[in-house]
Amino acid sequence: MGDFQLLARGIALAGCGIGAGCALIAGIGPGIGEGNAVAKALEAIGRQPECKGDVTSTMLLGCAIAETTGIYGFVTGLLLIFVAPGMFMRYLQ
């Protein structure tokens, strides 16, 4: 294995690690957004208790949609950690 291949492997693995770290940061956004949504829903229920069912169902739907962003980031991070390095190593050989 030449110096170029060793350097290329190191760069590929470093890129996968940095990319996975950036992808896993995507979990912060949905957490903050869902916390704000729940806080506003509780505030709305406190102001008008009779609309509890409507507010709760809408909040749960919004939280489910917001959570998909975090799940996509998590799956992308897992793919970059476990799948991509093997693909890059086969490509470099």
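Counting from 1, the numbers follow the sequence of the chain as shown. Note that this is a predicted model, so its numbers are computed, not measured.
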Among the clusters formed by ILVMFWY side chains lying less than 4.5 Å apart, do V83 and V75 turn up in the same one? yes
Who are the side chain to side chain contact (heavy atoms under 4.5 Å, CB included) partners of I81, not counting sequence neighbours? A20
Please report the shortest heavy-atom distance between A84 and C16, naming the atom on each side. CB-SG, 3.8 Å
Through direct or indirect side-chain contacts below 4.5 angstrom among Ile, Leu, Val, Met, Phe, Trp and Tyr, which residues connect to M59? V38, L42, L60
Quick note, side chain to side chain donor-acceptor pair (under 3.5 Å) partners involving residues 21-44, not counting sequence neighbours, are E43-R47
Who passes side chain to side chain contact (heavy atoms under 4.5 Å, CB included) against I65, sequence neighbours left out? L61
What are the two closest heavy atoms between L79 and P85, and how far apart are they? O-CD, 4.5 Å
Taking side chain to side chain donor-acceptor pair (under 3.5 Å) as the cut-off, I'd like each qualifying pair that reaches into residues 53-76, sequence neighbours left out, listed once. none
What are the two closest heavy atoms between G77 and A23, and how far apart are they? N-CB, 3.9 Å
Kindly indicate whether the side chain of L13, heavy atoms from C-beta on, has any atom under 4.5 Å from the side chain of M89. yes
Who clusters with F4? Use side-chain heavy atoms, under 4.5 angstrom, across I, L, V, M, F, W and Y, and order the result by chain and number. none
Kindly write out the residues that satisfy side chain to side chain contact (heavy atoms under 4.5 Å, CB included) with I18, not counting sequence neighbours, or none if the list is empty. C22
Starting from I11 and following side-chain heavy-atom contacts under 4.5 Å between hydrophobic residues (I, L, V, M, F, W, Y), which residues can be reached? L7
Nearest heavy-atom contact between P30 and G70 is CG-N, 3.4 Å
Listed by chain and number, what are the side chain to side chain contact (heavy atoms under 4.5 Å, CB included) partners of I28, not counting sequence neighbours? I25, I32
